[in-house]
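What follows is a short report on a single structure.
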Amino acid sequence: MHIDIITCLPKLLKGPFSDSILKRAQDKQLVSIDIHDLRDYSANKHRAIDDYAFGGGAGMVMMVEPIDRCISHLKGIRKYDEVIYMSPDGDLLTQSVANHLSLSQNLIMLCGHYKGVDERVREHLITREISIGDYVLSGGELAAAVLSDSIIRLIPGVLSDESSAMTDSFQDGLVAPPVYTRPASYKGWNVPEILLSGHDAKVEKWRHEKAVERTKTRRPGLFQGDE
Ligand code: SAH
């Protein structure tokens, strides 16, 4: 998979991709990520990428031209499954959205800033809009990092134990059961006996029951299929 992220703040994106699972995925060549500085595509001598909003009002708007130039340049190199705009009013990112996008070959993610992008970008250049939740961030960079992480960890071979992504919350319509590690007793806080029994079938049954119990109390909507 290849991901191109378009941003006016490339430094913000360095951290999330330079450590742990996302770094290993790149080292193993399971994914490649290019971060593009939108200012490199500005036609303006001051490298401007935003301007005042037509009609007035507070806040700058990201101009259509640099974004169009950058996306056109990338489309000249490869074909994209989706050109995604990170947006608070986009489709909510869920595990099923991540599962679906993890099957892509090439993705573009566009990060907005200020008041967002000129609407013509959304009308003519974007194929999908994704929100990471009903709150407003200052920019799309952290959202693009969250989206990338949720997708990349699903690519076969990225997680050392492949089955572990499959037993995560939401994959089977349930949240995950509680987990414990050594010591078995700490300050008198004990691990459930069943987990120490060595009886795989019983452990599996207990985990399933706990997952169902937790889903009912924490995410009842998952049972009704509305989450
Ligand atoms: N004025 C806009 C918000 C702009 S916030 C509005 O009210 O909808 C600036 C940028 O941050 C957006 O263009 C978008 O790229 C990003 N952003 C903010 N909140 C986000 C969210 N919940 N999910 C994804 N991207 C978000």
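Start at 1 and go down the list; that is how both ligands and their atoms are numbered.
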Report summary line: atom 23 (N) of ligand 1 has as its nearest protein heavy atom Ile132 N, 3.1 Å
Requested in this report: State, without any angle test, whether Asn99 and Gln171 hold a side-chain donor-acceptor pair at a distance under 3.5 Å.
Outcome: yes
Query raised in the report: So, for atom 7 (O) of ligand 1, does the protein have a heavy atom nearer than 4.0 Å?
Result: no
Query raised in the report: Going by the order shown, which atoms of ligand 1 are within less than 4.0 Å of some heavy atom of Gly140?
Result: 11 (O), 15 (O), 16 (C)
Query raised in the report: Should one rank Gly133, Ala144, Ala143, Gly112 by closest heavy-atom distance to atom 24 (C) of ligand 1, which comes out on top?
Result: Ala143
Query - Closest to atom 18 (C) of ligand 1 among Leu137, Ile130, Asp89 (heavy-atom distance) - result: Leu137
Query - Arg207 side chain to Pro177 backbone, donor-acceptor under 3.5 Å - result: no
Query - For Ser131, the ligand 1 atoms whose distance to one of its heavy atoms is below 4.0 Å - result: 22 (N), 23 (N), 24 (C)
Query raised in the report: What residue and atom, counting heavy atoms only, is the protein's closest point to atom 2 (C) of ligand 1, and at what distance?
Result: Lys115 O, 3.8 Å
Report task. Please confirm whether the backbone N or O of Arg47 pairs with a side-chain atom of Arg39, one donor and one acceptor, at under 3.5 Å? Result -> yes
**Report entry** Proximity flag Ser138 to ligand 1, non-hydrogen atoms under 4.0 Å
**Finding:** yes
Query raised in the report: What protein heavy atom is closest to atom 4 (C) of ligand 1, reported as residue, atom name and distance in Å?
Result: Tyr114 O, 3.5 Å
Report summary line: Looking only at protein heavy atoms, what sits closest to atom 14 (C) of ligand 1 is Met86 O, 3.0 Å
Requested in this report: Among all protein heavy atoms, pick out the one at the shortest distance from atom 17 (N) of ligand 1; state its residue, atom name and that distance to 0.1 Å.
Outcome: Pro88 CD, 3.8 Å
Query - salt_bridge(Lys115, Asp50) N-O dist < 4.0 Å - result: no
Query raised in the report: Do the side chain of Lys28 and the main chain of Gly157 share a donor and acceptor less than 3.5 angstrom apart?
Result: yes
Query raised in the report: Stepwise, does the side-chain hydrogen bond (donor to acceptor under 3.5 Å, both in side chains) test hold for Ser87 with Asp89?
Result: CA-CA 5 Å; Ser87 180; Asp89 61 2; 2.6 Å; yes
Report task. Compute the shortest N/O to N/O distance between Tyr85 and ligand 1 and return yes if it is under 3.5 Å, no if not. Result -> yes
Query - No-hydrogen, no-angle side-chain donor-acceptor test under 3.5 Å, His36 and Asp4 - result: yes
Query - Element-labelled atoms of ligand 1 that are located less than 4.0 Å from some non-hydrogen atom of Gly139 - result: 10 (C), 11 (O), 16 (C)
**Report entry** Lys210 with Glu213: basic N within carboxylate O range, under 4.0 Å
**Finding:** yes
Query - Numbered atoms and elements of ligand 1 in range of Gly116, under 4.0 angstrom, heavy atoms - result: 13 (O)
Query raised in the report: When you check the gap from the basic side-chain N to the acidic O, do Asp168 and Arg153 get nearer than 4.0 Å?
Result: yes
